Amino acid sequence: MTSILVRDTSLVISGITVPPTKAELVGARARVLGTIHEVDGTTELVFALTQSRWGGSVLPLPAGEYRIETDADLDSVTLAETNATVMRVQVAGGVVTISAPIDPVYRSADGQGSLERRYTASGEKLENAVFFESFYGRNASCNPLALDREIARRLPNVTRYWSVVDLSVDVPGGAIAVVEGSPEWWRARGESRLLIVNDWLRRAFARHPGQKVLQTWHGTPLKRLALHRPGFDPRRMVAVIRESRRWDGLLAQNAYAAKILKAAYRFRGALWTEGYPRNDVLVAGNRNEVRDILGIEPTERVLLYAPTWRDDRTEMVDFLDLDALAHAADAVVLVRGHSRTLLPGRDTAGPRVIDVTSFPDTSRLILAADELITDYSSVMFDFSVTGKPMSFLVPDIEHYRGALRGFYFDLVAHAPGPVVSSQSDLHMALANPERETLFAERYATWRKRFNSRDDGRASERVVARLIDQNWLATD
């Protein structure tokens with residue numbers, strides 16, 4: 001009779017009579033090989049519920065469902081939910097469900113409501129701390145990550161909290177991870193002197209006296225957003241304006257983006273056009289350090305495929321045969337889905353294909369790549385900091401432009417690289433030795449318009465302003 005338990009941070013299945021020949025715990029974005037041990041004449045199967053991902057710290061597996069794939073006879077193993085400080089675990093049949101370590105008392109609507117009321121009404125003195133959140137806590141990345149580095153360097157006495165969906169998210173050294181929805185999360189967000197975020201503030205938020213919010217956003221927009229999206233929706237208008245009133249400052253990569261973001265959100269606070277902190281690493285970073293993490297040789301050609309998300313689908317688009325692309329270009333293909341496709345999607349696999357959707361920081365992937373393939377993603381405005389070639393695969397451009405979002409300018413007329421609608425045309429574009437020469441003038445115009453402030457010192461400028469305006473205390 002098999003039995004199952006969680007021992008420390010491992011899932012242990014004991015009492016197996018016939019040793020299995022294979023054992024793996026398989027999730028959408030992570031997998032773990034099981035280890036097999038002989039114990040008192042029976043077999044014990046052990047799965048670590050922690051993992052080091054992308055060369056980072058050893059952390060719990062991401063929340064989600066995992067299948068136990070084995071040829072062992074496990075009967076109908078079940079495990080009632082465990083109560084742990086790093087994760088919660090349930091097992092039913094061959095499915096392991098991992099979730100964030102939030103006490104059941106606080107997981108209900110009533111529980112969250114009580115925390116919301118407690119911390120939005122708190123009269124506690126503000127802490128000299130920064131609360132960071134990037135892409136709704138799915139990773140520690142983007143402009144908030146770059147500003148974290150500069151704040152840690154310049155103001156080491158400032159406490160740094162990172163909002164995370166679970167403890168699989170690797171936060172910067174010296175920072176404190178707070179799981180969304182936990183009492184610690186509500187307190188940190190409610191009492192930190194400064195919040196630095198790159199998307200909307202979720203849940204109820206009431207700014208306390210003296211508290212400031214810097215909205216860094218997460219890209220220069222090509223596609224229409226907020227109040228500029230197609231179709232009039234009164235509820236969207238109310239939500240957009242309510243959200244933008246929560247921000248004290250809004251960071252823009254360039255003057256073009258500043259104008260659009262201000263209008264799209266009807267923003268009335270301080271508008272800072274300082275370049276993007278996340279792009280500082282593109283000026284002075286070491287690409288081979290990233291390639292080492294990914295297991296790519298310094299001399300290999302690397303293509304980064306990074307499409308944006310679609311409003312009418314949850315997973316990444318499937319316009320490319322990635323194996324065929326890798327073969328045709330004689331390259332390693334890095335596949336980077338949008339942050340909104342991280343949770344619902346599954347990793348893509350192939351002989352020379354590496355799915356890096358769960359890699360925490362897109363900027364370092366840009367550093368590692370030789371060329372970019374995208375569609376309408378704002379990554380184009382970051383990749384151009386490097387001056388490396390870009391191609392645009394847009395088979396659904398008419399649908400995207402007409403029905404889904406619409407554009408602020410004509411991509412086909414201004415793109416600093418070939419715009420194609422099929423995989424075969426993309427292969428030909430990538431093989432064209434004259435490509436960079438053909439688009440050199442457009443590329444130079446593009447960089448002048450969008451990257452004039454991306455000089456490697458944006459983080460320094462933003463943190464200096466935070467200090468000068470007393471949004472951060474130096475003591």
Side-chain angles (χ1 to χ4, degrees), residues 3-14 23-35 37 44-68 77-92 94-108 111-112 115 129 131-141 144-145 148 159-189 202-203 342-343 347 358-361:
S3 62
I4 188 166
L5 58 87
V6 173
R7 182 190 301 155
D8 296 326
T9 53
S10 294
L11 188 72
V12 181
I13 305 173
S14 58
E24 193 168 13
L25 195 62
V26 180
R29 299 289 182 188
R31 54 177 58 211
V32 176
L33 288 174
T35 58
H37 309 275
E44 185 178 83
L45 185 56
V46 180
F47 295 102
L49 299 179
T50 58
Q51 194 177 65
S52 173
R53 311 179 76 212
W54 309 114
S57 306
V58 176
L59 297 167
L61 294 176
E65 290 189 349
Y66 294 79
R67 302 184 316 278
I68 300 173
V77 293
T78 60
L79 176 69
E81 185 176 64
T82 61
N83 189 354
T85 57
V86 295
M87 71 182 84
R88 303 183 72 88
V89 183
Q90 284 181 306
V91 181
V95 177
V96 178
T97 302
I98 297 175
S99 55
I102 297 178
D103 191 303
V105 171
Y106 299 119
R107 292 165 72 183
S108 67
Q112 285 297 297
L115 291 174
F131 175 96
F132 295 93
E133 186 174 86
S134 179
F135 298 117
Y136 299 147
R138 295 180 187 126
N139 50 43
S141 66
L145 176 61
D148 174 283
T159 302
R160 293 145 41 232
Y161 296 106
W162 270 91
S163 169
V164 298
V165 292
D166 58 48
L167 294 179
S168 72
V169 178
D170 203 359
V171 303
I176 301 168
V178 286
V179 176
E180 181 198 350
S182 66
E184 296 80 10
W185 182 87
W186 281 102
R187 190 209 65 79
R189 194 177 73 152
R202 294 159 300 154
R203 304 177 183 256
L342 174 62
L343 298 182
D347 277 358
S358 62
F359 192 88
D361 192 9

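Worth saying up front: this structure is predicted, and the values here are computed from it rather than measured.
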* Could you walk me through whether Leu25 and Leu49 pass side-chain contact (heavy atoms from CB on, under 4.5 Å), step by step? => CA-CA 9 Å; Leu25 195 62; Leu49 299 179; 3.9 Å; yes
* Report the C-alpha distance between Leu11 and Val6 in whole Å, list the side-chain angles of each, state the deciding distance to 0.1 Å, and finish with yes or no for side-chain contact (heavy atoms from CB on, under 4.5 Å). => CA-CA 5 Å; Leu11 188 72; Val6 173; 4.0 Å; yes
* Just do the side-chain contact (heavy atoms from CB on, under 4.5 Å) check on Ile68 and Tyr66 with the steps written out, would you? => CA-CA 7 Å; Ile68 300 173; Tyr66 294 79; over 6 Å; no
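Nearest heavy atom pair, residue Arg160 against residue Gly173, reads NH2-O, 2.9 Å. Here the shortest heavy-atom pairing between Phe47 and Leu33 reads CD2-C, 4.3 Å. The two residues Val169 and Gly137 come nearest to each other via the heavy atoms CG2-O, 3.6 Å.
In this structure the side chain of Val46 reaches within 4.5 angstrom of the side chain of His37, judged on heavy atoms. Looking only at side-chain heavy atoms (C-beta outward), Val96 and Leu79 stay at 4.5 Å or farther from each other. Looking at heavy atoms from C-beta onward, Pro360 lies out of side-chain contact with Asp170 at the 4.5 angstrom threshold. Put simply, the side chain of Arg53 reaches to within 4.5 Å of the side chain of Arg29, judged on heavy atoms. Taking the side chain as every heavy atom from C-beta outward, Val171 and Phe132 never approach each other to under 4.5 Å. Contact annotation: the side chain of Tyr106 approaches that of Gln112 to within less than 4.5 Å [non-hydrogen atoms, C-beta and beyond]. Using a 4.5 Å cut-off on side-chain heavy atoms (C-beta onward), Thr85 and Pro101 make no contact.
Trp186 is linked by a ring-ring contact (aromatic ring centres under 6.0 Å, His included) to nothing, counting only residues two or more places apart in sequence or in another chain.
For the residue pair Gln90/Thr97, the side-chain donor-acceptor check at 3.5 Å is not satisfied. A donor-acceptor pair shorter than 3.5 Å cannot be found between the side chains of Asp8 and Ser10.
In this structure a side-chain-to-backbone donor-acceptor pair under 3.5 Å is missing from Ser134 to Pro144. Of the possible polar contacts, one joining the Asp103 side chain to the Val105 backbone as a donor-acceptor pair under 3.5 Å is found. Looking at Asp166, its side chain does come within 3.5 Å of a backbone N or O of Ala63 through a donor-acceptor pair. With Gln51 contributing its side chain and Pro60 its backbone, the two residues share no donor-acceptor pair below 3.5 Å.
For the atom pair OG1 (Thr9) and CG (Leu59), the distance works out to 11.0 Å, reported to the nearest 0.5 Å. Note that OH of Tyr161 is 13.5 Å distant from CG of Asp148, once rounded to the nearest 0.5 Å. If you take CG on Leu45 and OG1 on Thr35, they are separated by 7.0 Å, rounding to the nearest 0.5 Å. One finds the CZ atom of Arg7 at 4.5 Å from the CD atom of Glu44 (value rounded to the nearest 0.5 Å). To the nearest 0.5 Å, the span separating OG on Ser163 from CZ on Arg138 amounts to 11.0 Å.
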Contacts under 3.5 angstrom, residues 174-182 side chains, donor-acceptor by atom type, not counting sequence neighbours:
from	atom 1	to	atom 2	distance (Å)
Glu180	OE1	Arg202	NH1	2.8
Glu180	OE2	Arg202	NH1	3.1
Glu180	OE2	Arg203	NE	3.0
Glu180	OE2	Arg203	NH2	3.2
Ser182	OG	Val179	O	2.6
Ser182	OG	Glu184	OE1	3.3
Ser182	OG	Trp185	N	3.1

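Relative ring orientation between Trp54 and Phe359 is described as perpendicular, the plane-to-plane angle rising above 60° on a 0-90° scale split at 30° and 60°.
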